[in-house]
Structure formats: C-alpha cells, structure tokens
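Here is how names work: the chains are called A, B, and so on, in the same order as the sequence lines, proteins then strands, and each is numbered from 1.
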Amino acid sequence: MLARRCFPRHLHYPSNGVVSRQINVHLPPDSNLNSLCVNGRLKDALFAMAELGTEVSFHGYDTLITRCISLRALPEGQRVHAHMIKTHYRPNVYLETRLLIMYVKCGSLGDARMVLDGMPNRSIVSWTSMISGYSQSGLHSEGLELFLQMLRTGMTPNEFTFATVLRSCTGPCGLEHGMQVHSLALKNNFESHIFVGSSLLDMYAKYGKIHEAHRVFDMLSERDVVSCTAIISGYAQLGLDDEALDLFQKLFKDGMECNYVTFASLLTALSGLAALNYGRQVHGLVIRREIPFYVVLQNSLIDMYSKCGNLAYSRKIFDSMPERTTISWNAMLVGYGKHGLGQEVVKLFKSMREVKPDGVTYMAVLTGCSHGGLVDEGLNTFDCMLNEQRVKPDIEHYGCVIDLLGRAGRIEKAFNFIIDMPFEPTSAIWGSLLGACRVHANVPIGEFVFQRLLDLEPENAGNYVILSNIYANAGRWEDVSSVRQLMKEKTMMKEPGRSWINLDKTVHTFHSGDRTHPQKEEINAKLMELFVKIKEAGYVPDLSCVLHDVDDEQKERILLGHSEKLAIAFGTMHTSYSGTIRIMKNLRICVDCHNFAKFVSMVVPLADDDMLCLTESLPNISNISLKDDHITGSSEQKGDTSIPDYTS
DNA sequence: TTAGGGTTAG
C-alpha cells in the first residue's frame, strides 16, 4: 500500500500511444523471512538466513527470534544467534534482550546469562527477563542477587521487575528481602499496582503474615481473579479455612471473577472444614459455569471428597481423569490412608505407572501402611525408597517408619531406628514414640523418651499428659500425681477436649461432661439409650482411656461424658437416621469414643438409599445454584440431584 | 520485549 501511494498517478494507467515505464520495487533482501516464519516454515527461514549472509536486517532477526520464542525452539534460536556472531552483526539492546528472552523461555539460563553479561547496555526488560528466568526455575537467590546488582547500576525497577522479584523472596531470609522490596515498591508508588500487589500479598501470606497480606489486598487499585484468588488461597494455605470461605463468599457476592484456580483454592479450605455440602455445591458451580476440569481442579476435588468422608466419590473422579499427575495419585493415596485402607494404598501404589512417585507419595504410602497396620509393606516401601535412590528420604519419612513400628508395638525396634537414623530426632519423632509407649504400655522407654522431650519442648503439656497416661495404665497412681503436680507447678493447661456439630446453620459445641446445653436432659437420655443398645451389640467401654484413680463405674461415667459422645447423641436426636452425622473435634479422638462411634453406626439403622449410593453414577448436580450471599442447594430441584453421601 | 494466584504430605 505504501509503495503504491508513492507512485505518480499518471504512471499507473498508460494511455494510448504512451509507453509505460518499467517499475522496479526494491524490497529488502530478507523480506521473505517474515512470510516463511508466519507460514510455519522456520527451517526454510533459517536456510534463507544462511543464504543471505550479512544481508539479514534487524527486522529479519527479530522475526526469526520471535518465532523461536513462540516455538520454544532452542537449536533454531542458537542458529540465529550464531549467524549474528559469524556475520559480525551488532544487535541493539532490543535484539540482544530478545535473544536473552529466547534462551530464558527455552530453559537455557546459562546462555541467557552469557547474553546479559555480554551486553554493553541493558534495558530494564533485559534485567527483568533474566530475574524472571531465575525465579521461574526456582533459582531464587540468583534472582535476588541479580536484582541487587541491577539496583547497584542505578537502574530503576518497573512494575514488571517488582512483580517478578517478589516471587524470589522465599526461603529463610525471603521475608526480610521481601519487606525491603516492598519498601522500594512503596517508594516507587507500585504497592497498589495489581500485579505487584498480588505478588506482595502472596509473599506475605506464604510467610503467615495474613494481616499484612490482607492490608495489601485492600490497597489494590483494582481487583481481578488473580488477586482475589491469591488472598483466598493465602488464608486456605494457612489453615484459616473459615476465613477463606467467608472471604470467598463476600468477594463472590461482590461479583468477583472465578476460574479453576479460584475453585481449587476454595476446595482446599472446604477440605479443611470437612464441609461436604459446600464442597458439593462448588463442584456443582464448576459444572454449571463450565469451568474446565483441569488436573489441578480435579486433584482438589479428589482431596475434598476424601477429606469430607466421601472416598468412593474421590475414586470416581480419579478414575474419570483423562490425565493424572503425581499429585492426583498422591491425593488418592492419602485419601485411602486417612480412611485406614492400607491395603488399598499399597494396591494403588503398585499400580502407579504413568507418573513417578515423589516424596509425598512415599509419605502417603508409609502413613497409609502405618494407620492400616501393614508393617511389612511399610518397611518394604521404605527399603524400596532407599534402594531406588530417586527420592531421598527426609526426616518425615523416617518419622513415618517410627510411627509404623510404634503403632505395631515394635517399640524397641522403633527406638533403635531413631538412634541409627541419619537425622537428629525432633520432638515430633520422640512424640510419636511416646504415643506408641502409651498404647503399648512401655513404661521404661516412655520415661526415657519423655526426658528427651523435656529437653526439646519443656512447655508442651501434651507430653506430660501422655506420660501420666502411661503411668495410669500401669496403675502407678503416685507417679500420675507427680506428673500432674509438675504440670500444676509449671501452670500448664492441656487444651480441653471439644466437639461440635453443625445443625440447621447453627454450630452446637460440647465440652467434656457438658451440662450447659439447653437440651441436656434429652441428650443424656439419648446417650443412655445408645449406651444400652451398643452394649447389647458387644461394645465394652475402654476404661484405660480414663486417667483417674477411680472405680470402674466412675470411669464409665467419665467416658460417657466425652464431648464427642454428647455430640453424637445430639446428632442422632436431630438428624434423620438415614443421614450422616458429621462431628468436628479439636483433639484426636480417644479409643473408647472411636469404638463408641463404630457401634452407634452399627445399631443406628441406615436407609437403603445410603447403601445404594455406593454404586450410583455421577449424579447431575447442575441444578445447584448460588443464592444471596450463601452457597445453597436449590430447593426447587426435582428428585435427588445432590451428590450422594455414604460416610455413615 | 519483561510481570502476579493453583492441587497432594507434614
């Protein structure tokens, strides 16, 4: 078009008797490089480049490098770079930066750094691209070091640089560095920039500074799906699940945009809350909004259903996945392990072919074996880990083996394993063995372990309680008194046991021996009714769970007052017997309450539907909708379109 | 030309 406009009008249309002049259009010699690249003929373009020799222009090189970047074509990119050197072409800052970016995108950081180091002049884009390369490869200290080097040259970072370098603020000194970068961002007026702010709040959340993270979030000049997801995820990753859910509901009401990452993060919070109803509705929302079921989201769903007690549904999702990552397998293995299905853990692990196990996989298998009582399988797995040497066991893996041996009653073997392991034992390791000493009544090792724990965490009341438990179990009531006296002197208080149940949007909390609930008489009557029924079914109270020197009748009474039993009795009073009673606890359940719950499940009849649900296919949950500021199920739907629940 | 959020374990 431009060339045409340059020609005088009279030369375009020769009139009769006038001989037209021959027009020669002078295109640059490398003009065909662009069309070759655009048409996907990179190899031909490179051949043309070689033929052209020194006649390749700035635009020609730019076209070639851009194509190499988009194709992540490293060898081809190297040929372009080599051609520049061979023909003594002197690229400008822009073109050298493009070369650097090509190496970064192709994962060749060493070459990228050589380009940067050889640049006589560098732009902010050159620096930022190199820092970004380091940050994306997890080379955080290199990224930070380069950032400092950049500052020393007097270069001022821009919003891209801040958003990038904040990702490198991780590890032991990351918070300190991050706060310094934050100061600099403030000075340059970038704190409220949406990309910089999102990185900042994410950095603070990852260090547990959730208030600072939220403050940055509130300061943002605008909000988008990434910044909203980052703050929700920040709460969820810290285990502040209620807060994550509340914030999601608020932002959702305000019209926040959601994508698969938002829902994956939200599902993490719902898993922590064991909030199956919300989890189901999020699943429904994902379907209704036609959010793509990327692997990350499916992994979150597997985890949510298993943590909410709906393991069969996790497996349905797992089996339906067209593609699985190691995390998908880990989530499923963890699910089986948490449900005590050790055999399933081992079976699934053995069938794991499509992806390689990682450290989390081994943790899941070892804990699964530990909870399922599969000692030999667990030890074999650990040996396998040592032999293969692909994943190096860390102290947590050793901890799992100690737990495995301890739970199985092999206390001395567990003790020797601790002594021989290549790590300094932590309080968690000794704590695991102390728990095993309580279960398997090993007083001498228990006393030794308690002394080690006294050195490591003298203020942990739980260790004193377990030791007193060990003494109580051995009938050494004087020692029990001594330990309790020691606790009193140190003014230690064990966190009291507490259970709660969510009924009709109200949370009912019970403490041990609670007599404060308005329905205490009915609860007590129901408790006695259940007690009689389960005793007939074979339940025998486990009096060893009582740590007081009282007679057996008194021990039974104390056991019956445990908060979870009160919550169970209350649940059966108000929940249809065909439904699930879901109780949350702040502490681990005692053995007697565990047995109590199992027997109650046996004597309280389930409706046939619950049993049938196990074999049902994925139900249609597209009718589930969001109403007002709460996520609720639609009351207008016909038939049962909810995801079935078979956890009772 | 350069940038931000994500799933499993403990």
Side-chain angles (χ1 to χ4, degrees), chain A residues 62 65-66 69 92-102 104-105 122-133 135-136 157-167 190 193-203 205-206 213 216-217 220 223-234 236-237 239 257-268 271 294-304 306-307 314 318 324-335 337-338 357-368 394-397 399-400 403 426 428-429 432:
Chain A
D62 190 25
I65 297 168
T66 299
I69 291 172
N92 63 8
V93 176
Y94 168 86
L95 217 46
E96 278 199 295
T97 304
R98 295 295 287 158
L99 274 173
L100 186 159
I101 293 164
M102 182 272 293
V104 164
K105 299 282 183 195
R122 301 165 187 181
S123 68
I124 187 62
V125 182
S126 330
W127 288 102
T128 305
S129 302
M130 192 69 235
I131 296 167
S132 168
S135 119
Q136 281 172 18
N158 67 9
E159 63 273 38
F160 289 80
T161 326
F162 281 116
T164 301
V165 77
L166 281 163
R167 294 186 77 197
F190 283 127
H193 184 276
I194 189 160
F195 278 59
V196 179
S198 300
S199 280
L200 256 179
L201 79 86
D202 185 57
M203 185 272 294
K206 286 196 165 78
V216 174
F217 180 70
L220 291 178
R223 290 172 181 177
D224 68 356
V225 63
V226 174
S227 52
C228 290
T229 303
I231 189 69
I232 291 167
S233 164
Q237 283 173 1
E257 192 193 333
C258 300
N259 64 13
Y260 77 103
V261 182
T262 322
F263 289 119
S265 303
L266 179 62
L267 285 165
T268 303
S271 300
Y294 292 126
V295 177
V296 167
L297 182 53
Q298 286 175 311
N299 292 346
S300 285
L301 283 167
I302 290 174
D303 181 58
M304 182 276 292
S306 89
K307 293 217 175 107
S314 296
F318 180 81
R324 301 183 194 100
T325 60
T326 300
I327 295 179
S328 323
W329 287 83
N330 292 350
M332 200 64 239
L333 289 165
V334 167
K338 283 209 187 294
D358 61 10
V360 179
T361 316
Y362 284 109
M363 284 284 291
V365 178
L366 291 171
T367 49
D394 60 29
I395 193 161
E396 269 90 25
H397 296 101
C400 283
D403 196 56
T426 58
I429 298 274
S432 161

Is [X] touching bases, backbone alone, or none of the nucleic acid, heavy atoms closer than 4.0 Å?
X	answer
A:Phe162	nothing
A:Gln136	sugar-phosphate
A:Ile194	base
A:Ser199	sugar-phosphate
A:Asp224	base
A:Glu257	nothing
A:Ser126	nothing
A:Val104	nothing
A:Thr262	base
A:Ser233	sugar-phosphate
A:Asn158	base

Is the backbone of A:Thr128 close enough, under 3.5 Å, to the side chain of A:Ser132 for a donor and an acceptor to pair up by distance?
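A pair under 3.5 Å: no.
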With A:Phe160 via ring pair (Phe, Tyr, Trp, His ring centres under 6.0 Å) - residues at least two apart
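A:Phe160 satisfies ring pair (Phe, Tyr, Trp, His ring centres under 6.0 Å) with no other residue.
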Would you say that A:Lys338 contacts A:Val334 through its side chain, given a criterion of any heavy-atom pair below 4.5 Å between the two side chains?
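In short, these two side chains touch, coming nearer than 4.5 Å.
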So A:Trp329 and A:Arg324, do their side chains get closer than 4.5 Å, heavy atoms only?
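In contact.
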Nucleotide range of DNA chain B lying under 4.0 Å from chain A heavy atoms:
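Nucleotide range with atoms under 4.0 Å of chain A: B:dT1 to B:dG10.
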According to salt bridge (charged side-chain N to carboxylate O under 4.0 Å, His left out), who are the partners of A:Arg167, at least two apart in sequence or on a separate chain?
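A:Arg167 satisfies salt bridge (charged side-chain N to carboxylate O under 4.0 Å, His left out) with no other residue.
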According to the interplanar angle, ranging from 0 to 90°, do the rings of A:Tyr294 and A:Tyr260 count as parallel (below 30°), tilted (30 to 60°) or perpendicular (above 60°)?
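Perpendicular: the ring planes of A:Tyr294 and A:Tyr260 meet at over 60°.
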Determine whether the side chains of A:Asp358 and A:Asn330 contain a donor N or O and an acceptor N or O closer than 3.5 Å.
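There is such a pair (donor and acceptor under 3.5 Å, judged by atom type) between the side chains of A:Asp358 and A:Asn330.
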